[in-house]
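Quick note on labels: first sequence line is chain A, next is B, and so on, each numbered from 1.
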There are 2 protein chains.
Amino acid sequence: MDEIDRTIVNLLRADGRTSYAELARRVGLTAPSVQDRVAKLEKNGVITGYQAVVDPEAIGLGITALIGIIPDSSADHLAICDKLGAIEQIESCYFLAGVECYQIKVRVPKMADLEQLIHRVAGIGGVAQTRTTITLSTKWEDRPQPIPTGEVEHGVD
Amino acid sequence: MDEIDRTIVNLLRADGRTSYAELARRVGLTAPSVQDRVAKLEKNGVITGYQAVVDPEAIGLGITALIGIIPDSSADHLAICDKLGAIEQIESCYFLAGVECYQIKVRVPKMADLEQLIHRVAGIGGVAQTRTTITLSTKWEDRPQPIPTGEVEHGVD
DNA sequence: GATGGTCCGGTCGATCTCGTCCACTCGTCG
DNA sequence: CGACGAGTGGACGAGATCGACCGGACCATC
């Protein structure tokens, strides 16, 4: 994970379809060696995939909500997580330090779908309460921040 | 936005580097027509970009936190948003319906960076209070959900 | 302390696939 | 009938990919 790798990752985060030839030009290597580096970054779990970024509204997912999940005292966190994972409308799921043990981000087409979804989440065993916040607008999302320079080691190369 | 477009978008959300030739094979068209469709999807704002998905821990961003922002009564929401936009550690920013007018997701290398970041956010004019929750783990993030079939129109084609 | 083997990362060149442009076809609609 | 949108097929240049080769770092041996 040297400076060149960081540059490659930054370029691929900004545009995931950048060709190896283009990456090579940017970092001053040849295409095969860039390809080799990218393959290693993928193998080492630094790059875990590539996604097209899609406007949720354009595909009929106009409503976004954040839902905090408060477990009851005897809840099995992992069981809750499994159940949450089966709900495909949940795009993200964070395990939190706090009263709300999870926060999930969901997208649905209509308010009725959100209502149904909240009932489904609230019905999961071990869930005592949910707290839903509607997002009025998404200012930005998944904005890649520059990779911090490795002045301090953090265990991955 | 027909069934073929939905398939293309689903494929590109699952793997943003899928070649046009491969997409063409999957949807039963030729590469040029797929390319044409993708270009239109990009032009119409359905596909807004492509990103490599990177493991934050692997690039030294081991700490993720969610911060709720509570404005004071006279706050200018847009001004706050501009200031937030200038902070590169903020990966996502949602405008909410609720006491907390924004929720932001931040990533930093160390706790000290988080502390500094919270102070910076709290110091923005119009911000009365912040509420920070540390994420202990990210169960999943940006999981693409299937595009709902357009049984109901939603204004974008 | 010099020598030789090995490994790692890179380059180079050949080949095959892919991207891209253009001309043509076909069905639809005015 | 003509125009248009969407797709096809072919051609050509660019990119991806593979194998062979090269040079430096490292290490053990002599």
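- Contact annotation: B:Ser33 side-chain N/O to D:dA6 OP1/OP2 distance is not under 4.0 Å.
- In this structure, of D:dA16, D:dG9, D:dG7, it is D:dG7 that holds the atom nearest to the side chain of B:Leu29.
- Without hydrogens or angle criteria, A:Thr135 side chain to B:Phe95 main chain gives no donor-acceptor distance under 3.5 Å.
- Rounded to whole Å, atom P of D:dA16 lies 15 Å from atom CG of A:Asp36.
- Taking atom CZ on A:Arg26 and atom P on D:dG15, their separation rounds to 13 Å, with Å as the unit.
- One can place CD of B:Glu42 at 13 Å from P of C:dG19, the figure rounded to the nearest angstrom.
- Taking atom NZ on A:Lys43 and atom P on C:dC8, their separation rounds to 11 Å, with Å as the unit.
- Between B:Arg25 and A:Pro32, the residue whose closest nucleotide on DNA chain C is further toward the 5' end is A:Pro32.
- Side-chain atoms of B:Tyr20 lie closest to C:dT20 of the nucleotides C:dT20, C:dC18, C:dT11.
- Residue B:Thr30 places at least one side-chain N or O under 4.0 Å from the OP1 or OP2 atom of D:dT8.
- Taking a cutoff of 4.0 Å between a charged side-chain nitrogen and a carboxylate oxygen, A:Glu91 and B:Arg143 do not qualify as a salt bridge.
- In this structure, B:Lys40 does not reach the D:dG5 phosphate: none of its side-chain N or O atoms is under 4.0 Å from OP1 or OP2.
- Checked by atom type, the side-chain pair B:Glu42/B:Tyr50 shows a donor-acceptor distance below 3.5 Å.
- At a threshold of 4.0 Å, the pair A:Asp36-A:Lys40 counts as salt-bridged, since one of the basic side-chain nitrogens sits closer than that to a carboxylate oxygen.
- Relative to the side chain of B:Arg37, the nucleotides D:dG10, C:dG9, D:dG7 differ in distance, and D:dG7 lies closest.
- Contact annotation: A:Gln35 reaches the phosphate of D:dT17 (side-chain N/O to OP1 or OP2, under 4.0 Å).
- The residue A:Arg17 sits apart from the nucleic acid: no heavy atom pair falls under 4.0 Å.
- A salt bridge links A:Glu141 with A:Lys105: the closest approach of a Lys/Arg side-chain nitrogen to an acidic carboxylate oxygen falls below 4.0 angstrom.
- Going from atom CD of A:Glu22 over to atom P of D:dG15 covers 8 Å, rounded to whole Å.
- Look at CG on B:Leu23: it is 18 Å from P on C:dT17, rounded to the nearest Å.
- Remark: A:Ser19 is not in phosphate contact with D:dA14, judged by side-chain N or O atoms under 4.0 Å from OP1 or OP2.
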